[in-house]
Amino acid sequence: MTEYSRLKTSTSAAIRATLDYPVIDTDVHTNDFTPALEDYIAKYGGAKLVDELRKAESSRLNSKADGKDWYQQTPEERQYNRTIRSPWWARVTKNTLDLATYILPELLYERQAEQGSDYSVLFPNNVLAPAGASPENRQALQRAVNHYHADLYRKYSDRLTVVAGIPMTTPQEAIEELEFAVNTLGLKVANIPGGVKRPIKAIADKYPADKYPEVARYASYIDFFGLDSEYDYDPFWAKAVELGVPITTHYGSQGWTGRSSISNYMNNHIGHFADGSQAFAKALFFGGVTKRFPQLRVGMLEGGADWGAHVYIHLVDRYSKRNLQGLQNYNPDLTNADELFELFERFGGEITQGYSLTKEELVKSVLGSSFARHSRQPVGKELEDFAAAGIESIEDIRDRWVNSFFFGSESDDRTIGAAFNDKANPLNVKINAIYSSDVGHWDVPDLTDPLAESWELVKEGVISEADFKAYVFANPYKFYTEANSNFFKGTAIESQVAQIQSPQLDKSFARA
C-alpha cells in the first residue's frame, strides 16, 4: 500500500513544531465529488435542482455570448462581443495527492498536520454557485448545498469547519438561510457574495430583460448592501450578530472596467479580489453598518491585507481634509471678493487686459469654471460623506474600519508588510491580517508549502515573529471569537486556546 503521509518531509510541519500556539487557517478550498453532490441534491429537492446547479455553475465559470463560451468563439467573435477571458486551469491537478485531498474529507483531515495547521475553515468551491440559479429555485438549491456540506464534514468538525453559503439577493432570503444554516445545520461561519448585480430601473423599464436580454446583461449596477441599496440589510447584519456568525467573502471584480480583457486571464485576475472586497467594505463603512453593529466581524479573503491599510490611511487623510469643518476651506461663499479683486489688480494686468469686471463678476468668472457643472451648491447632509459612518475623529475611523474588518492574506504575499507597519498606519495600529493559505487553488501547488512560505517572511524581515503569531493565530482567533466567544468550544484546539488565554494573548491582540 502506498504511503501517502509526507509529515516527515513537510517544511510547514517542521515550522509548526516550533510554535507554542496553534495555527488557524481561515481559507481552505475543497472540491465536491460531483456524482455524490448531485445525487444528494436530487434526493433533497428533485432533478430540477440539479439542473439549476449545472446552469448556475456554467454561467459562473464561463463568459458566453450567443450561447458560445470563450473557447467556442473565434477571435473576431470575442472582439465583437467583448467576451471576457474566464479563468482556466484553476485547480491543482499534477499533484494527484493534493487533488484527491481537496475532494476527500477523511484524507484532508489526516493530512492537516502536514499542512502545519491545527484548525481550518473550509470553502467548497461551489458553495455560492446557487446564487446564479433562478429566483424560484435559488433558496432551495442553496439550502441543499449547505446541507450536503454540513453532513459531509460533520464528523471532522473538531478540526475542520465548513462555511455556509448565504445568498444576499434580499435581506429576508439571507436571514432565512443564515438561521437554517446555524440553527438546523450547526454551521458557524457564513460566506456571502460581496455584492449583487441588479438592473438599472430607468433602463430596464424601457428595455425589459425578457425582450432585450443583451441590454439587461450590461445595464446593471452592483449593490454592495451597505450604501445606496434598494433594500435595508440591517436586519441581516443584526441577525449575524445575534447568532454569533463571522461573515466572510471572496468577492472579486473580474469583468469590471479595467478587468475585462478578452484574451488575458492574468490581466483580469491581479488585484481583483482586493478591488471587489474594497468596494464591499467601503459600502459597509460609509453606510454606517460598522457603526450600528460594532460587534459584526467581516473577513475579506484572497485579496491580501495591504489594501486594508491603504484604505484606512486614505480614510484618515480624506477625513482630515473633508470633515465638515475642513470643507469650509473649499466653500465658494467664503472667497474674499475684495482680496481677490486686489490681487488681480496688482498681478493680473497681462491676463485681464481688455476686460472690465466688477468684484462680483470677477469672483463669478474665477469660480464659475469649477462649479459650472452643478445646478446648485450642495447643502446640509449633502456635504456629509462621513456622517452615516458616524465619524467625528480618526479614532472613530480606527474603530469602524480596523476593528471590524479582517483581511485574508496568502502565505507568499509580501505586501502583508503594509498591514503590520504601525509606523505608517495612523494611530500606530496594525491591520488585522489573517492567515489564508488558499490551498486548493492554483496558487498553492503543494499544501505542505504555505506555512513555511509565511515563515520565510519572518526570516527575510518583512514581518516580525510577533506579527507572524498575530497573522496565523491571534488575529484569526480574534475574528472568530469576537463574533462568537464559544467558536472553538469542542474543537481540537479548545484546550490549547484555554491555556493561552491570558494577558500574554491580550498583548498579542493589542499588537495586532
Where the side chain of [X] meets the backbone of [Y], is there a donor-acceptor pair that is under 3.5 Å apart?
{"X": "Ser120", "Y": "Asp118", "result": "no"}
{"X": "Trp401", "Y": "Lys282", "result": "no"}
{"X": "Arg400", "Y": "Ala389", "result": "yes"}
{"X": "Thr249", "Y": "Ile192", "result": "yes"}
{"X": "Ser229", "Y": "Tyr231", "result": "yes"}
{"X": "Ser253", "Y": "Trp256", "result": "no"}
{"X": "Asn95", "Y": "Asp98", "result": "yes"}
{"X": "Gln142", "Y": "Gly165", "result": "yes"}
{"X": "Arg85", "Y": "Ser263", "result": "yes"}
{"X": "Asp467", "Y": "Ser464", "result": "yes"}

Salt bridge flag under 4.0 Å for residues [X] and [Y]:
{"X": "Asp399", "Y": "Lys291", "value": "no"}
{"X": "Glu114", "Y": "Arg111", "value": "yes"}
{"X": "Lys201", "Y": "Glu230", "value": "yes"}

Ring centroid separation for Phe280 and Phe224, is it under 6.0 angstrom?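 Ring centres of Phe224 and Phe280 not closer than 6.0 Å.
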I'd like to know whether the aromatic ring centres of Phe488 and Tyr119 sit less than 6.0 Å apart in this structure.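 They qualify: ring centres under 6.0 Å apart.
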Over 60° means perpendicular and under 30° means parallel, so tell me whether [X] and [Y] are parallel, tilted or perpendicular.
{"X": "His149", "Y": "Tyr153", "value": "tilted"}
{"X": "His269", "Y": "His272", "value": "tilted"}
{"X": "Trp237", "Y": "Tyr233", "value": "tilted"}

Against the six-membered ring of [Y], is [X] placed for a cation-pi contact (under 6.0 Å from the centre, within 45° of the normal)?
{"X": "Lys188", "Y": "Phe487", "value": "yes"}
{"X": "Arg159", "Y": "Tyr109", "value": "yes"}
{"X": "Arg297", "Y": "Tyr480", "value": "no"}

Worked verdict on Asp27 versus Phe123 for side-chain contact (heavy atoms from CB on, under 4.5 Å) = CA-CA 7 Å; Asp27 189 22; Phe123 293 80; 3.4 Å; yes
For the [atom1] atom of [X] and the [atom2] atom of [Y], what is their distance to the nearest 0.5 Å?
{"X": "Asn403", "Y": "Leu296", "atom1": "CG", "atom2": "CG", "value": "12.5 Å"}
{"X": "Gln295", "Y": "Thr290", "atom1": "CD", "atom2": "OG1", "value": "11.5 Å"}
{"X": "Asp412", "Y": "Ser454", "atom1": "CG", "atom2": "OG", "value": "8.0 Å"}
{"X": "Glu482", "Y": "Asn432", "atom1": "CD", "atom2": "CG", "value": "7.5 Å"}
{"X": "Asp32", "Y": "Leu152", "atom1": "CG", "atom2": "CG", "value": "7.0 Å"}
{"X": "Phe285", "Y": "Phe405", "atom1": "CZ", "atom2": "CZ", "value": "8.5 Å"}

Do you know the tightest heavy-atom contact between [X] and [Y]?
{"X": "Ile166", "Y": "Phe236", "result": "CG2-CE1, 4.0 Å"}
{"X": "Ala190", "Y": "Leu178", "result": "CB-CD1, 3.9 Å"}
{"X": "Ala419", "Y": "Asn425", "result": "O-ND2, 3.3 Å"}
{"X": "Ala129", "Y": "Leu53", "result": "CB-CD1, 4.1 Å"}
{"X": "Ala418", "Y": "Asp306", "result": "CB-CB, 3.9 Å"}

| query | Can you find a pair of side-chain heavy atoms, one from Tyr251 and one from Glu302, that are under 4.5 Å apart? | reply | no
Any Asn191 side-chain heavy atom under 4.5 Å of His250 side chain: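 A side-chain contact under 4.5 Å exists here.
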(message) Between Arg54 and Glu57, is the salt bridge (charged side-chain N to carboxylate O under 4.0 Å, His left out) condition met? List the steps.
(response) CA-CA 5 Å; Arg54 291 173 178 173; Glu57 288 180 325; over 6 Å; no
Any donor-acceptor N or O pair under 3.5 Å, side chains [X], [Y]:
{"X": "Tyr21", "Y": "Arg16", "value": "no"}
{"X": "Asn125", "Y": "His441", "value": "yes"}
{"X": "Ser437", "Y": "Glu410", "value": "no"}
{"X": "Asn137", "Y": "Glu52", "value": "yes"}

Take Tyr102 and His29, measure what side-chain hydrogen bond (donor to acceptor under 3.5 Å, both in side chains) needs, and give me the verdict at the end. CA-CA 7 Å; Tyr102 302 133; His29 291 278; over 6 Å; no
*Where do Asp223 and Arg198 land on the salt bridge (charged side-chain N to carboxylate O under 4.0 Å, His left out) test, with the steps shown first?*
CA-CA 7 Å; Asp223 179 354; Arg198 303 195 195 278; 2.8 Å; yes
task: Using the side-chain contact (heavy atoms from CB on, under 4.5 Å) rule, take Gln172 and Glu176 through it: C-alpha gap first, then chi angles, then the decisive distance, then the call.
output: CA-CA 6 Å; Gln172 186 57 38; Glu176 290 173 4; 3.1 Å; yes
Practice task
Run through Asp20, Ile24, Leu19 and flag the one making a side chain to side chain contact (heavy atoms under 4.5 Å, CB included) with Phe473.
Solution key: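 Answer to the side chain to side chain contact (heavy atoms under 4.5 Å, CB included) test with Phe473 among Asp20, Ile24, Leu19: Ile24.
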Query raised in the report: How far apart are the C-alpha atoms of Asp422 and Val429, what are their side-chain angles, what is the distance that settles it, and do they pass the side-chain contact (heavy atoms from CB on, under 4.5 Å) test?
Result: CA-CA 5 Å; Asp422 53 1; Val429 304; over 6 Å; no
Can Asp151 and Tyr40 be said to form a side-chain hydrogen bond (donor to acceptor under 3.5 Å, both in side chains), step by step? CA-CA 10 Å; Asp151 287 350; Tyr40 188 100; 2.6 Å; yes
Evaluate the ring-ring contact (aromatic ring centres under 6.0 Å, His included) criterion for residues Trp307 and His314: first the C-alpha distance (whole Å), next the side-chain angles of each, then the deciding distance (0.1 Å), finally the verdict.
CA-CA 10 Å; Trp307 71 265; His314 285 289; over 10 Å; no
Is it true that, when you exclude Lys68 itself, more than 12 heavy atoms of the residues, nucleotides or ligands shown sit nearer than 6.0 Å to its NZ?
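Above 12, so yes.
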* To do: Please step through side-chain hydrogen bond (donor to acceptor under 3.5 Å, both in side chains) for the pair Thr26 and Ser436, ending with a clear verdict.
  => CA-CA 5 Å; Thr26 67; Ser436 304; 2.7 Å; yes
Inset, instruction - Just do the side-chain contact (heavy atoms from CB on, under 4.5 Å) check on Met300 and Phe273 with the steps written out, would you? - result: CA-CA 9 Å; Met300 287 143 302; Phe273 278 118; over 6 Å; no
Problem - Worked check of side-chain hydrogen bond (donor to acceptor under 3.5 Å, both in side chains) between Gln115 and Asp25 - result: CA-CA 10 Å; Gln115 191 190 352; Asp25 191 340; 2.7 Å; yes
